Amino acid sequence: MQANNKFETVLSDYTNNKSYLTHQELISLKSQFDSEQSFFDALLKWVSEYAIAPVSQFKVAALAIESGGEGRLFFGANLEFSHQALSLVVHAEQSAIHNALLHGVEAIEKLVINASPCGYCRQFINEIQLDKQPLINVHGVEKTIQQYLPDAFGPSDLDNHTPLFSQSLTQCRDLNAYVEQSYAPYSGNFSACQIKHVDGHQYFGVYLENAAYSPSLSPLQAALNQVQLHNRETGLHGISEIVIKQTAGKANQQGVANAVAMSLGSNIKVTIEEV
């Protein structure tokens, strides 16, 4: 069974200002399809429309399925910025992983993607604690990250014994609390971002580092991605204020923030504080 108007209407209702499906919503939607993979394919096509890809014109979607816990399914989509360095891009796999982490998920059972993960994303996924690394499903074929990235360089090579997902995040509405929960084992610059939207909502992002460093996800990129995943029709429009807090003496977010903010327009108030 293929996705239809009813499927998309129900999806829109389920995801009104939230970036995931509950387990009950997941089961209900899946029952409309002849197989799990046909459901994944339809959902990936729908989630890919969250993508903002002015540079590549290639929309990528990822689904992060929670292991245990509440059994939720989290969306991820790529985010690009016009006229900026490609290193500022948020990849769909990063998007889905951060989305799950931000909602207190302790482990991801499976990552379902509509395209094979690039080397950048394979390195980012490899940051996850070894016994919690998800299976990766691409067009119905499932592989481990070790199959995608043999002989990998990872957290243990830099003597990091608390990799990603070794600790879960606690959902809150306080930026300082997110700073403390961010993942910065290499630079020590624990940092987070809060974005205020004209619709009255607030969105948060936490810094997620990587042993290879360049796949690291800045708090601003992460928070912007949350805006994107909660506002399917309007994307990043309507942002009024951005606040970034980072660790005094370790600060490294200014350059990224300036570059990304330049792409968003001149009417947004940007504040960067050290704590």
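Bear in mind the structure is a predicted one, so any value in this text is a computation, not a measurement.
E274 is not listed as a side-chain neighbour of K245, based on a closest heavy-atom distance of 4.5 Å or more. Using a 4.5 Å cut-off on side-chain heavy atoms (C-beta onward), T144 and I136 make no contact. Looking only at side-chain heavy atoms (C-beta outward), R122 and I145 come within less than 4.5 Å of each other. Side-chain contact between K250 and S187 is absent, with no heavy-atom pair separated by less than 4.5 Å.
Between the side chains of Y50 and N225, no donor N or O sits under 3.5 Å from an acceptor N or O. Side chains of Q37 and N137: a donor-acceptor N/O pair is present below 3.5 angstrom, by distance only. S218 and Q221 form a side-chain donor-acceptor contact under 3.5 Å, judged by distance and modelled atom types alone. E70 and T22 share no side-chain donor-acceptor pair at under 3.5 Å. Side-chain N/O atoms of S35 and S38 include a donor and acceptor closer than 3.5 Å. Between the side chains of Y183 and N160, at least one donor N or O sits under 3.5 Å from an acceptor N or O. Side chain to side chain, Y148 and Q146 fail the donor-acceptor criterion of an N or O pair below 3.5 Å.
Here the closest non-hydrogen pair linking N252 and Q246 is N-OE1, 3.0 Å. For the pair S95 and L229, the tightest heavy-atom approach, listed with the atom from each and the gap, is OG-CD1, 3.5 Å. Here the closest heavy-atom approach between residue F81 and residue S263 is recorded as CB-OG, 3.8 Å.
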* To do: Take Q226 and L102 through the side-chain contact (heavy atoms from CB on, under 4.5 Å) test and state the conclusion after the steps.
  => CA-CA 10 Å; Q226 283 296 299; L102 202 66; 3.7 Å; yes
* Stepwise salt bridge (Lys or Arg N to Asp or Glu O under 4.0 Å) test for E49 and R232 -> CA-CA 8 Å; E49 292 306 313; R232 182 179 169 85; 5.6 Å; no
* To do: Show the numbers, then the answer: is there a salt bridge (Lys or Arg N to Asp or Glu O under 4.0 Å) between R72 and E25?
  => CA-CA 9 Å; R72 295 165 292 180; E25 291 166 346; over 6 Å; no
* Begin with the C-alpha distance, continue with both residues' side-chain angles, and end with the deciding distance and a verdict on side-chain hydrogen bond (donor to acceptor under 3.5 Å, both in side chains) for N258 and Q254. => CA-CA 6 Å; N258 289 343; Q254 184 78 53; 3.1 Å; yes
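Remark: aromatic rings of H103 and Y20 are close, center separation under 6.0 Å. Aromatic rings of F33 and F7 (six-membered ring for Trp) have centroids within the 6.0 Å cut-off, being under it.
Judged by distance alone, with hydrogens and angles left aside, the side-chain atoms of Q94 form a donor-acceptor pair with the main-chain N or O of H91 at under 3.5 Å. Between the side chain of S191 and the backbone N or O of N189 there is at least one donor-acceptor pair closer than 3.5 Å. Here the side chain of H197 pairs no donor or acceptor atom with the backbone of S240 at under 3.5 angstrom.
Among F190, Y203, F204, the single residue meeting the ring-ring contact (aromatic ring centres under 6.0 Å, His included) criterion with Y178 is F204. Between V227 and the options T234, L79, I195, a side-chain contact (heavy atoms from CB on, under 4.5 Å) holds for only I195. Test I65, L63, I97 against L111 for side-chain contact (heavy atoms from CB on, under 4.5 Å) and you get one pass: I97.
Within a 6.0 Å sphere centred on NE2 of H237, heavy atoms belonging to other residues, nucleotides or ligands number 12 at most. Applying the 6.0 Å contact sphere to CD of Q129 captures more than 12 heavy atoms from other residues, nucleotides or ligands.
Linking Ile, Leu, Val, Met, Phe, Trp and Tyr residues whenever their side-chain heavy atoms come within less than 4.5 Å leaves L130 and L158 in two separate clusters. With hydrophobic clusters built from ILVMFWY side chains whose heavy atoms lie under 4.5 angstrom apart, Y207 does not share a cluster with I125.
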